[in-house]
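Take a look at the structure below.
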Amino acid sequence: MTVRVLLADDQEMVRAALRVVIDRRDGLAVAGEAADGAEAVAEAARLRPDVVVMDVRMPGVSGVEATRRIMTGPWEGGPRPRVLVLTTFDLDEYVYAALRAGASGFLLKNSPIDQLEHAIRVVAAGEAVLAPSVTRRLVTAFAAAPPDPAPPASPAPPAPGRLDGLTGREREVLLLVARGLPNARIAEVLGLSEANVKSRVNRILARLGLENRVQAALLAYEAGLPGLRDGADPG
């Protein structure tokens, strides 16, 4: 099955470069382009792509607001597209708000082509792109920061008490999710099957009212989950 991608970036040269890269990959195809956030929302509703590759900073409606509208606004029929946010550097203050708005992950614009391809496929499959080498820096930097001037409508700001309903094992799984480990590696660390880990992750997201693993990681950092900041990643 071909993964259909909508490119949203205000720079025509960036869109052209991304189109060339994506269209040359087996199983990927560019369904359309948008030059700003408002157009991205409209084209997402019209074209129904599987993934929107969304620039953060665009004139008019920003990538953050466009992500919020795509993920939480009115939607008729069929699944909503997943949003993969692009940023120029890992201290972009808008990334945090975009992830909270429902984006399934982010990449730096200077990421290798293979990483972009992998991220699109992972997001299209319903997972989230949470790169340990970059994400922990972002989450740590923005967990204590004030919200975006135009905060997204979902979910409500998390608090430590939101984790009280999780079991001990679920907290262990959440800890490893927040450290950026995929299900297969979490299964190895905890001695569980991959299917068991996937089920637990889905249950954690449902209990916390979250859309994806990225939002779970943000909540874990904000809530000060024990062991998150003071331990090295396993393996």
**Message:** For Asn110, is the CG atom crowded, meaning more than 12 foreign heavy atoms sit under 6.0 Å from it?
**Reply:** yes

**Complete:** side chain to side chain contact (heavy atoms under 4.5 Å, CB included) test vs Lys198 passes for just one of Ile186, Asn183, Leu192, namely Asn183

**Request:** Give a yes or no on whether Trp75 and Val41 share a hydrophobic cluster (residues Ile, Leu, Val, Met, Phe, Trp, Tyr; joining criterion: side-chain heavy atoms under 4.5 Å apart).
**Result:** no

**Asked** Does Ile204 offer a backbone N or O that forms a donor-acceptor pair with the side chain of Glu170 under 3.5 Å?
**Response** no

**Asked** Has the side chain of Ser111 got a donor or acceptor atom that lies under 3.5 Å from a matching backbone atom of Leu107?
**Response** no

**Prompt:** Does Val197 share a hydrophobic cluster with Leu166, counting links as ILVMFWY side-chain heavy atoms below 4.5 Å and allowing steps through other members?
**Reply:** yes

**Prompt:** Which pair of heavy atoms, one from Asp55 and one from Leu86, lies closest together, and at what distance?
**Reply:** OD1-O, 3.9 Å

**Request:** Side-chain contact test, heavy atoms from C-beta onward, threshold under 4.5 Å: evaluate it for His118 versus Gln115 and give yes or no.
**Result:** no

**Test item: Leu7 and Val53 side chains (from C-beta on) under 4.5 Å apart, heavy atoms** = yes

**Request:** Give a yes or no on whether Val30 and Leu18 share a hydrophobic cluster (residues Ile, Leu, Val, Met, Phe, Trp, Tyr; joining criterion: side-chain heavy atoms under 4.5 Å apart).
**Result:** yes

**Message:** Can you list everything that forms a side-chain contact (heavy atoms from CB on, under 4.5 Å) with Val61? Sequence neighbours excluded, please.
**Reply:** Ala38, Glu65, Ala66, Arg69

**Message:** In the structure I gave you, are the side-chain heavy atoms of Arg171 and Leu175 within less than 4.5 Å of one another anywhere?
**Reply:** no

